[in-house]
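Side chains are part of it too, since the values below use all heavy atoms of this structure and drop only hydrogens, waters and symmetry mates.
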2 protein chains.
Amino acid sequence: MPPAMEKALQLKTAELEKISHIDYFNIAISVDCVIFGYDEKELKVLLIKSDLEEFSGLYSLLGDLIRPDEDLETASYRILKERTGMDDMYLEQVHAFGGLDRHPSGRVITIAYYSLIDIKHQKLQLSHNELSWHPVHEIKKLAFDHKLILETCLGRLQQQVLDYPVIFNLLPEKFSLRELQELYQAILGVELDRRNFRKKIVIKDWLLDIKEIENDVPHRPGKLYKLKPELKKKNGKKKFSATVR
Amino acid sequence: MPPAMEKALQLKTAELEKISHIDYFNIAISVDCVIFGYDEKELKVLLIKSDLEEFSGLYSLLGDLIRPDEDLETASYRILKERTGMDDMYLEQVHAFGGLDRHPSGRVITIAYYSLIDIKHQKLQLSHNELSWHPVHEIKKLAFDHKLILETCLGRLQQQVLDYPVIFNLLPEKFSLRELQELYQAILGVELDRRNFRKKIVIKDWLLDIKEIENDVPHRPGKLYKLKPELKKKNGKKKFSATVR
DNA sequence: TACACAATATGTACTTACAACACATTAGAA
DNA sequence: TTCTAATGTGTTGTAAGTACATATTGTGTA
């Protein structure tokens, strides 16, 4: 008896006997990463040309099957590393998608993560494979159910930037308040009042004034800030509003 | 060639050839449900005695392997239906857990859902199987990684009750403000000021005054309320605060 | 029947967050 | 020098959050 079946037998299942046990392993599991970046005042996502005939001409998210010897986070980091050359980036699980017909070649359940990287800081080797950055708001159609996955991850990102200091993973180390506000606007899809925005961001107490100013802008330069170092943990979230709303 | 392998071959995987293809299906997928209920002023969770030798004496969440012909929500509803006899209950996906050693019998990735039911309304047949309700805050240890799953789902529930009208799935159709407040306190683990609570809940505009009063309390009876019918969708969330925080 | 009790119901004052809006300041370019 | 397009800092009115007080109403009991 193959080990897989042996394992299946030990698993508690109410009506296990009705179904061939090996069937339970006839489902593959993958991880898909929505890799967000920010450039030219637009939120972008890293996509790859789909190599499936069914989706020819369409782009898809970066993903891969999970290997038997790696856990979910390991698989996600592996994908990021393989595709971008970067590691230690911000990564967050969002949702599992398990529709019966989401993959044309068979049953694949996927677990979606979103990731945030500073496009300008890390130069990824985009040319030698078919990776490219696409403005999130211009994406009409993707392979598989990846449009839905993208929207779900964008929704989660929009929630998180309001409460947690995650947005800074999309920016260079030093940034001006204008850049930060433009990034918020790109993510949330709204216009924000500059004066109110500054007050709100100051209240959050996330920023460190590094006593430097911009030097490459064609107008009065603004002050530069950093994220406070103690908030820099790539993962590990903590709610920074003290009260129960 | 078995269909499973055939499918594996069609799936894009960077280093697929290094690993025996069938290995990819050597991972089972399950769903685990954290079923919350509210009774005797305590938040409770429905547990079952573990039937695994490794966890003898411990309780575990209700879960089962996903069948090849059902999607994730279908599997979750099936488990709820099989175990409680109820259907159409509130259900929400929370997180996927995929640690390598989380199941002693083999590699099992599980997708956790939480569910909310009104204990008093539906009388589930608890006696003929080993199901029982346990106060959430008294649970010390569970089988597998189910303690972690429980805590994760509780955390999600705590977030959600502040912004979405989900809490009412734990209460009978008609309820008093006192009952509602006690439930919030049980979920959030804090004491709330009665007068401020009433103002806050009125602002949310979730409640319908049904012009009835309690009739079984040993003191002055309070007014009874219902959740506004248009908010009753079991799933499908909508943010009810209009502003960008 | 009257009274104590244990809740409900409602209100006030203070403080803090939010939204709309105005004006002075500063570097660069013409 | 002046114009321009940003930065930096207010002000005001409104809404929401917090702490705290008092009157009201059914129930149970002496």
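For Thr152(B), the side-chain hydrogen bond (donor to acceptor under 3.5 Å, both in side chains) criterion is met by no residue, not counting sequence neighbours. Residues meeting the side-chain contact (heavy atoms from CB on, under 4.5 Å) test with Glu191(B), sequence neighbours left out: Gln185(B). Residues passing the side-chain contact (heavy atoms from CB on, under 4.5 Å) test with Leu58(A), sequence neighbours excluded: Phe55(A), Lys141(A), Ala143(A). Take Glu138(A) and apply the side-chain contact (heavy atoms from CB on, under 4.5 Å) test, not counting sequence neighbours, and it matches Glu42(A), Pro135(A). Applying the ring-ring contact (aromatic ring centres under 6.0 Å, His included) rule to His134(A) yields the partners Tyr59(A); only residues at least two apart in sequence or on another chain are considered. Pro172(B) is linked by a side-chain contact (heavy atoms from CB on, under 4.5 Å) to Asp118(B), counting only residues two or more places apart in sequence or in another chain. For Glu40(B), the salt bridge (charged side-chain N to carboxylate O under 4.0 Å, His left out) criterion is met by Lys44(B), not counting sequence neighbours.
We find that CG of Leu224(B) is positioned 12 Å from P of dT8(C), with the value rounded to whole Å.
The number of heavy atoms from other shown groups lying within 6.0 Å of NZ (Lys147(B)) is above 12.
Residues from residues 208-219 of chain B placing a heavy atom under 4.0 Å of any atom in DNA chain C, listed by number, are His219(B).
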Within the sub-3.5 Å range, which N or O atoms of nucleotides 10-17 of chain C have a protein N or O partner, and how far apart are they?
from    : atom 1 : to        : atom 2 : distance (Å)
dT12(C) : O4     : Lys199(B) : NZ     : 3.0

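For a distance-only test at 3.5 Å, the side chain of Arg220(A) qualifies as a donor-acceptor partner of the base of dT25(C).
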